[in-house]
There are 2 protein chains.
Amino acid sequence: MPDQSWLTPAIRRAAIARTLTTGEPLFRLGDKSAGLCEIVSGRVRLARVDRTGHETVLHVAGPGETIAEASLFSPHYQCDAIASTHAVVRIYPKAAILAAFEADRKAAQAFTAMLAHQVMDLRTRVERRNIRSARERVRHYFALNTGADGRTVGLHGTLKDLANELGLTHEALYRTLAVLERSGEIRKEEGHIVLLRAPKI
Amino acid sequence: MPDQSWLTPAIRRAAIARTLTTGEPLFRLGDKSAGLCEIVSGRVRLARVDRTGHETVLHVAGPGETIAEASLFSPHYQCDAIASTHAVVRIYPKAAILAAFEADRKAAQAFTAMLAHQVMDLRTRVERRNIRSARERVRHYFALNTGADGRTVGLHGTLKDLANELGLTHEALYRTLAVLERSGEIRKEEGHIVLLRAPKI
DNA sequence: CGGCGTTTTGAGAGAGCTCAACATCGGTGG
DNA sequence: CCACCGATGTTGAGCTCTCTCAAAACGCCG
């Protein structure tokens, strides 16, 4: 889904595939930054370890996500990246990316635009998490994820995935959807949900 | 706090100050994008209105934040921006920014780097919100916001602001801090908090 | 058919929210 | 100088909603 027009053929050609076993580090805090990384499969967590040895997770990245974008402009990685599952990643070397951006203004601009969109998307997620009520949180998601008709919400992945995205347990999500469906606000269909009418607040 | 080295003198000179009264729109979905915007004081909310007339808030921006970064690369704004309070903003015209980035590669790179850092910061906030327990959420924040000594957490703004940032009510935060202090894990001092020892899980 | 993951419903407990009261502090104006 | 006001900080008590744990139905695939 994210715009990948910044990923020029030259960068793609320079990509390095790497396989990680569970627990294997991709890079460590302070390592010389090799470039940014796209998760192909599995999960990779970004974390920091404080002086007491406790690990604090910054983010868990899944398939399709890119991590360590900031390392393009920094000589070292700013946190640890460790495979949480068996994982396959593609590393796009810093030199290749910076050279491509130097040569192709449009690509560099597309990269910046992609980051700007991600910022907006993430701000929206944070805003959604500010909503306490499960029902309102689900409505917030639906309202912002309708297709062109403004009434259909596509479901990519399972409902468990959606529950995770919304910060709810899957049980809570099932119950909420059941309530909304019983009240006639939505209808569940194969692979998508149809918004039937405005909520009665 | 955010790196503003992308804000070159030329861009600064081109800035347009604007004052908004509560409820006044800064821009609307579909408007021709004038440029990006920095909030000087007050609050501006970004929102979309669906066909039923219901407004869905994407983000509430406060002093120091910039909004509409994505509009630099799009001919139109992608949502509404409306003052939630009396507000003062600075608009940096798109043309001035793009010209500055064209002339000064370093500035363009600094802008991209700033966005990359914001992405990481926002991902971390989302990750924090995945933690249900108030105590663990507070610990997560502390662990990632210590100063150079690794034991001091500066408090910018009020505790209510912090509670909001953490997605807790201020009462819940007060209680949690009180518990942590009683257990000897932290000490509250003027304008900052000192981490005394590792949590006993 | 059997096993695994998703979906679904039930019952109970606990954590945080809500409402309420009060203390504290800084500013403002009479 | 003091009374007043608003915002922050603090603690209490009760309640609601979601989480947790459990169990079962369902669908898919080998």
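Keep in mind that what you see is a predicted model, and the values were worked out from it rather than measured. Residue numbering restarts at 1 for every chain, and letters A, B, ... go by the order of the sequence lines. Values below: all heavy atoms of this structure, side chains included; hydrogens, waters and symmetry mates excluded.
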Chemist: Using atom types as modelled and distance alone, determine if a side-chain donor or acceptor of A/Thr85 lies under 3.5 Å from a backbone N or O of A/Arg43.
Modeler: yes
Chemist: Would you kindly give the CZ-to-P distance between A/Arg137 and C/dC17, to the nearest whole Å?
Modeler: 11 Å
Chemist: Atom pairs under 3.5 Å, N or O on each side, protein against nucleotides 16-18 of chain D: can you list them with distances?
Modeler:
| from | atom 1 | to | atom 2 | distance (Å) |
| --- | --- | --- | --- | --- |
| D/dT18 | OP1 | A/Ala134 | N | 2.6 |

Chemist: Take the protein atom CD of B/Glu181 and the nucleotide atom P of D/dG9, then report the distance between them rounded to whole Å.
Modeler: 14 Å
Chemist: Closest heavy-atom contact between B/Ser71 and B/Leu36?
Modeler: OG-N, 4.4 Å
Chemist: Do B/Met120 and A/Ile67 have side chains that approach each other closer than 4.5 Å (heavy atoms only, starting at C-beta)?
Modeler: no
Chemist: Donor-acceptor pair, distance only, cut-off 3.5 Å: does the side chain of B/His192 make one with the backbone of B/Glu190?
Modeler: yes
Chemist: How many whole angstroms separate atom CZ of A/Arg129 from atom P of C/dG16?
Modeler: 16 Å
Chemist: Can you tell me if A/Lys188 uses its side chain to pair, donor with acceptor, with the backbone of A/Ala178 under 3.5 Å?
Modeler: no
Chemist: What is the distance from CG of B/Leu166 to C1' of C/dC17, rounded to the nearest Å?
Modeler: 16 Å
Chemist: Nearest whole Å is fine: how far is D/dT10 P from B/Leu173 CG?
Modeler: 10 Å
Chemist: Can a donor-acceptor pair be found, under 3.5 Å and without considering hydrogens, that links the side chain of A/Arg137 to the backbone of A/Gly167?
Modeler: yes
Chemist: Is a side-chain N or O of A/Arg151 found less than 3.5 angstrom from the main chain of A/Val194, in a donor-acceptor match?
Modeler: no
Chemist: I'd like a table of atom pairs between the protein and nucleotides 5-7 of chain C - only N or O on both sides, under 3.5 Å - with the distance next to each one.
Modeler:
| from | atom 1 | to | atom 2 | distance (Å) |
| --- | --- | --- | --- | --- |
| C/dT6 | OP2 | A/Lys160 | NZ | 3.4 |
| C/dT7 | OP1 | A/Leu159 | N | 3.3 |
| C/dT7 | OP2 | A/Leu159 | N | 3.2 |
| C/dT7 | OP2 | A/Lys160 | N | 3.2 |
| C/dT7 | OP2 | A/Tyr174 | OH | 2.8 |
| C/dT7 | O5' | A/Tyr174 | OH | 3.1 |

Chemist: Quick check: does any side chain N or O of B/Arg135 sit under 3.5 Å from a backbone N or O of B/Leu180, one acting as donor and the other as acceptor?
Modeler: no
Chemist: In B/S/- notation, 5' to 3', how is nucleotides 25-30 of chain D contacted by protein heavy atoms closer than 4.0 Å?
Modeler: ------
Chemist: Between the base of D/dT20 and the side chain of A/Arg175, is one N or O donor paired with an acceptor at under 3.5 angstrom?
Modeler: yes
Chemist: Determine the interplanar angle of the B/Phe101 and B/Phe111 rings, folded into 0 to 90°, and report it as parallel if under 30°, tilted if 30 to 60°, perpendicular if over 60°.
Modeler: tilted
Chemist: Run the numbers on B/Ile39 and B/Val89 for side chain to side chain contact (heavy atoms under 4.5 Å, CB included), then give the verdict.
Modeler: CA-CA 5 Å; B/Ile39 315 296; B/Val89 303; 4.1 Å; yes
Chemist: Let me know the distance between CG of A/Asn130 and P of C/dC17, rounded to the nearest Å.
Modeler: 11 Å
Chemist: Short question: side chain of B/Thr169, backbone of B/Ala172 - any donor-acceptor pair under 3.5 Å?
Modeler: yes
Chemist: In whole Å, I'd like the distance from the CG atom of B/Asn164 to the P atom of D/dA7.
Modeler: 16 Å
